[in-house]
Each structure stands twice: as structure tokens, then as C-alpha cells.
> 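I'd like to ask some things about the structure below.
Each chain gets a letter, A, B and so on, in the order the sequences are listed, and its residues count up from 1. Side chains included, hydrogens not; waters and symmetry mates left out as well; all remaining heavy atoms used.
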2 protein chains.
Amino acid sequence: MLDKSHKHVTCSTCLSRSNSLLGGLCTDEVSNLENHRSCNLFKKNQSLFLEGSFPRGVFCINQGKVKVFKRGDEGKEQIIHIAKEGEIVGFRAMFSEEVYNVAAETLEESNICYIAKDDFLNMIDTNAALRNGIMKELSKELADRASFITNMAQKSVRERLAFALILLEKIYEPEPINLSREDMANFVGTATETLIRLLKDFKEEGLIEVHTRKMTVTNAKKLIDIAGK
Amino acid sequence: MLDKSHKHVTCSTCLSRSNSLLGGLCTDEVSNLENHRSCNLFKKNQSLFLEGSFPRGVFCINQGKVKVFKRGDEGKEQIIHIAKEGEIVGFRAMFSEEVYNVAAETLEESNICYIAKDDFLNMIDTNAALRNGIMKELSKELADRASFITNMAQKSVRERLAFALILLEKIYEPEPINLSREDMANFVGTATETLIRLLKDFKEEGLIEVHTRKMTVTNAKKLIDIAGK
DNA sequence: TTTAAAAAGTGATTAACATCATTTTTTCAA
DNA sequence: TTGAAAAAATGATGTTAATCACTTTTTAAA
């Protein structure tokens, strides 16, 4: 259970994180940001935004995890990204001036701040460093997704699962990975049953430890080896 | 064979295209651009840049087609994007300040201009509209790639091929699609043999017409139907 | 025009993975 | 604490698509 006091954190908590896009703001800008954001406690599995809706602002994750996903023809989710503390979610569609083509939902109880579209765009217009940071971020994600596509096309499910576990470990550390089998399957891009069978294999091979929902990587080297480059 | 005179086109030819990122430049900026770009005729299958190399500038396609691809573990190409006339290729890695994570190569004889990194970045710094256009473009591509990933994960090869043919038709029109079976397979994300068999099916179902390398879509409606949403 | 080489096409076989049906375990609210 | 619902796990089966081995056709260079 998340401490309720998290509901009123200062922005600096978030901005000090190594992965924060807004890390380079000056004191004035930070206090301005403090005045323009609203902070909310989100329950587990609560939606931040839906595919097809218009963006009205961005979400800054102070505490918790958020899945960004797209639904395929039959409604099955494909998880594109899992965002953690310090990340900003939902700003991509704002630039494209189109509706969201993905949806976002909390994976656990989370503390998330909201910055209205205009305030966010203002910040960007007046801050070249921030702008560059965002362009850099967009480009990096584009690169990530090229790799994602290539992995989906060319790697086996076993290889992709190994790859996913390495990624998830980094996202969740120092906590154990904590995802439902279905979400994990939707991240790897496979059927839940197949994922469960492969997890069992990895467990038996001593690569991971599983305690119901929670799992930890015990042999990252081997997993990286299985995942391929 | 491409007319040699294409080697010395004016930028306005490119910029007038509907898909041009640089469409919004003013007269001064265009003439400045004319002075800073160099134009070259590229042979078929000529490399623009390699995965792992540092970006030194961007490529503006005046005439021709370029595949943007990534190699998987075993060297197999996954084509991420096929760029046509008017598109700018190779600017994403410039923002991320990292090496290219994809490679680019002409699919046919092409006329392509080169703009050095500094000149391009200068243009962006001094032109807010261009900057916004680029951010918009990056965001749109991010959305495209989320769909690409979801398609790879959830659609059958037959569905993906139908989808690819619809895309390729738009890229190549008014010309017929002109891609090797291998390239097409690497775009769809399948084995060449599988692609060939499915093309045959589509041909027999009257959805496409094939003349050796060249093919045209004869029943787009049905293909869209097969592709799914 | 001829002829290597590359690309396209075919057939047989196999492996990976999805799907469906069902059981077991875990979770969580009454 | 209990019982119903959700999630996880297991087994059997079917399908898709990869792989391999080979033939035919097309391309492009001598």
C-alpha cells in the first residue's frame, strides 16, 4: 500500500531521478511547474487515457508503474512500454495533434501528477534544453521500437521472454518483477499459456525465481545469452 | 533509368511535395538550403548509412525509394520503413546523439540530396514551425511503430502481407510495387518462401496482379478486409 | 546472344506455438 | 474465514509458418 503522504510530493522528487525528462529545469521553472500540476493517487488498473481520445495533458509518474498498450483486432493488448517512476507518459500524441493510438493504465497503485497540455507546451517553447531532451527521447524510443519490431519478427518466444525479463528487471529493481502472466504475455507478444510454460522452463533451468506473481532474475548472464543481441 | 538532369534539381521540387517536412520554409531559408545541400545520384542497392555509424547529416530523397532496416541476430534484415520522394531519412539518430540503430539503402536508382548535420540543426533551431513539424513527425512514427509491433505480435503472415501490400501501393503509386520477394518478406517479417506462397494465393484470389517483380493491387477492398483494422 | 549467377518458385518435413478444455491455486470481498 | 471469482497451470491437439533441398526462371554481365 502506498503511503498517502505521496499525494503531496514536491516536483523535485521526480525531477531528481536519472530518467527524468524534466531534469534540467531551473528553480523558477520548477516552482512554476509545482503550481500547474495536480497530483493524484491512482488505484491499480486505473486508466490514464484511452486509445482514440484526445490528449489534454501529460502524466508524470511520481510513484508506481504504468503500462502503455495497444489493442489488436480481437481486443488483445500488446504492451508497448512499461513506464516507471520519473517518466512522463502521454506527450507523444500531443505533438502529433492526433488522438492517442495507445492507451495507458496503472499496473499498481501509483502516484501520478498531471500537467495540462498548454502548460506543458509552454514549458517546451520557452526551454530549448527541454525541447532537445524531448526530441532526444522521441528518437531513442523510435530506435527502441525498431528493435522491438525486429525482435518480434525474428526471435522465438523463448528468446523474447529472456529479453523481456532482462528489461523488466531493470524497470522493477530493486523490487521483484510484479506482473500478471497475462500482462507479461502481452508484453512478450505470445499466448498466456505459452508464457506460463516458458516461465516454468526458466525456473527449472535456474534462471529465475518465482513466488506467485513476483519473480526475480537469478542468472541474468544466461538470460542475456538466450535473448541474443 | 533515371534522367541525369535530376542531379541538379531545385529544392522546391522536393519541398512542394505533400509529405515534405520542410514544406514550410520561407524563400530565404530555401535558398540557404540550396547552398548547403549536395545532390547525388545513387545506384540501386547503394548504402546511405550503416547501423552503428555516427550521423553526419540527413538525406532528402528527390527521386527514388529507400529502405530503412535493422539486422537481427542472424543478419536477416527487418525493414522498418520504406521512404519515398520528399521524405528525409536519417535525422532521428542525430537528435538522440547516438549511432544509427538502423541502416538505409536505396531500392532503386535514386536522386538524393545531403544536408550536413550542423546546417540541418541550425535550420531547426531558428525555425519553430519546422521544429514542430519534426516533433509531429517523430510522434507519428512512434504511433506507426506501436501499430507495427502489435501487428507483428497478433496478426498472421497472411494478414500482415495484405496490410503491407496496401501500404506499399500507397508508397509506389502511380507505379506498380517493385520490390524483390526477399525485401517484401523482410518487410512483412516472414520467410521468403512463405511470402512467395502467399503472393500466389493472393494472385489466385484475384487480389493482385504480378508481372515478375512488379505487382499491382487489383482488389484493395478485399485486401483491407483481410488485413483487419 | 550466351551463360553464370541471382532470384523466384515448389515440395516435403518439422518445429514452434496457438488454441481449447480442464484443473488447481490464489485472491479478495462478504 | 469462507466461498466465489480470477488467475495460473496443465494436457491434448491442430495449425501456421519455418526450414531444407531442390528446380525453374529471370537478370545482367561477358
> Please list each protein N or O that sits under 3.5 Å from an N or O in nucleotides 14-19 of chain C, with the distance.
residue	atom	partner	partner atom	Å
C/dC17	OP1	A/Val157	N	2.7
C/dA18	OP1	A/Thr190	OG1	3.2
C/dA18	OP2	A/Thr190	OG1	2.7
C/dA18	OP2	A/Ala191	N	3.4
C/dA18	OP2	A/Thr194	OG1	2.7
C/dT19	O4	A/Arg197	NH2	3.0

> Taking the side chain as everything from C-beta on, heavy atoms only, tell me whether A/Val210 gets closer than 4.5 Å to A/Phe202.
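No, side chains not in contact.
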> What salt bridge (Lys or Arg N to Asp or Glu O under 4.0 Å) pairs are there with at least one residue in residues 137-156 of chain B, not counting sequence neighbours?
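The answer is A/Asp73-B/Lys155, A/Glu98-B/Lys140, B/Arg92-B/Glu141, B/Glu141-B/Arg145.
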> Kindly write out the residues that satisfy ring-ring contact (aromatic ring centres under 6.0 Å, His included) with A/Tyr172, not counting sequence neighbours, or none if the list is empty.
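Applying ring-ring contact (aromatic ring centres under 6.0 Å, His included) to A/Tyr172 gives none.
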> For A/Tyr114, which residues count as a ring-ring contact (aromatic ring centres under 6.0 Å, His included) partner, sequence neighbours excluded?
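A/Phe59.
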> Of all of residues 202-218 of chain A, which get a heavy atom below 4.0 angstrom from DNA chain D, listed by number?
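Hits under 4.0 Å, by residue number: A/Arg213.
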> So if I apply the side chain to side chain contact (heavy atoms under 4.5 Å, CB included) rule between B/Leu48 and each of B/Val58, B/Ile112, B/Val68, which one comes out positive?
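Considering B/Val58, B/Ile112, B/Val68, a side chain to side chain contact (heavy atoms under 4.5 Å, CB included) with B/Leu48 is found only for B/Ile112.
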> Can you measure A/Asp201 atom CG to D/dA8 atom P for me and round it to whole angstrom units?
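To the nearest whole Å, that distance equals 18 Å.
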> Take atom CD of B/Glu108 and atom P of D/dA28, then tell me their distance rounded to the nearest Å.
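About 13 Å, once rounded to whole Å.
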> Is B/Lys200 close enough to C/dA8 that one of its side-chain N or O atoms is under 4.0 Å from OP1 or OP2 there?
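For B/Lys200, the contact criterion (side-chain N or O under 4.0 Å from OP1 or OP2 of C/dA8) is not met.
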> Judged by atom type as modelled, is there a donor-acceptor pair below 3.5 Å linking the side chain of A/Thr218 to the main-chain atoms of A/Gly206?
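Yes: the side chain of A/Thr218 pairs with the backbone of A/Gly206.
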> Listed in order of residue number, which residues of residues 176-188 of chain B have a non-hydrogen atom at under 4.0 Å from DNA chain C?
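Within this stretch, B/Ser180, B/Arg181, B/Glu182 sit under 4.0 Å of the strand.
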> Using whole Å, what does the distance between atom P of nucleotide C/dT26 and atom CD1 of A/Ile196 come to?
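About 13 Å, once rounded to whole Å.
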> Between the opening five pairs and the closing five pairs of the helix from C/dT1-D/dA30 to C/dA30-D/dT1, how far apart are the helix axes, to 10°?
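The angle, to the nearest 10 degrees, is 50°.
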> Whole angstrom is fine here: how far is it from NZ in B/Lys76 over to C1' in D/dA17?
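After rounding, the reported distance stands at 12 Å.
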> Roughly how many Å is it from CG in B/Leu199 to C1' in C/dT10, rounded to a whole number?
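To the nearest whole Å, that distance equals 14 Å.
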> Keeping to residues at least two apart or across chains, list the salt bridge (Lys or Arg N to Asp or Glu O under 4.0 Å) pairs with something in residues 195-222 of chain B.
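Counting only pairs at least two positions apart or across chains, the salt bridge (Lys or Arg N to Asp or Glu O under 4.0 Å) contacts touching residues 195-222 of chain B are B/Arg158-B/Glu205.
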> Can you list, pair by pair, the side-chain donor-acceptor contacts under 3.5 Å of residues 77-85 of chain A, counting residues two or more places apart and other chains?
residue	atom	partner	partner atom	Å
A/Glu77	OE1	A/Lys67	NZ	3.0
A/Glu77	OE2	A/Arg71	NH2	3.3
A/Gln78	NE2	A/Asn186	O	3.0
A/Gln78	NE2	A/Phe187	O	3.2
A/His81	NE2	A/Glu87	OE1	2.7
A/Glu85	OE1	A/Lys65	NZ	3.3
A/Glu85	OE2	A/Gly64	N	3.3
A/Glu85	OE2	A/Lys65	NZ	3.0

> Is there any salt bridge (Lys or Arg N to Asp or Glu O under 4.0 Å) pair reaching into residues 46-63 of chain A, and which pairs are they, with sequence neighbours excluded?
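Counting only pairs at least two positions apart or across chains, the salt bridge (Lys or Arg N to Asp or Glu O under 4.0 Å) contacts touching residues 46-63 of chain A are A/Glu51-A/Lys70.
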> Going by the rule side chain to side chain donor-acceptor pair (under 3.5 Å), which residues pair with A/Lys170 if we only count those two or more places apart in sequence or in a different chain?
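Result, side chain to side chain donor-acceptor pair (under 3.5 Å) vs A/Lys170: none returned.
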> For B/Arg160, what residues pass the salt bridge (charged side-chain N to carboxylate O under 4.0 Å, His left out) criterion, not counting sequence neighbours?
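Not a single residue meets the salt bridge (charged side-chain N to carboxylate O under 4.0 Å, His left out) criterion with B/Arg160.
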> How close or far is atom P of C/dA7 from atom CD of B/Glu77, stated in whole angstroms?
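Rounded to whole Å, this separation is 11 Å.
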> When the distance from CG of B/Leu107 to P of C/dA7 is rounded to whole Å, what number comes out?
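Computing the B/Leu107:CG to C/dA7:P distance gives 13 Å.
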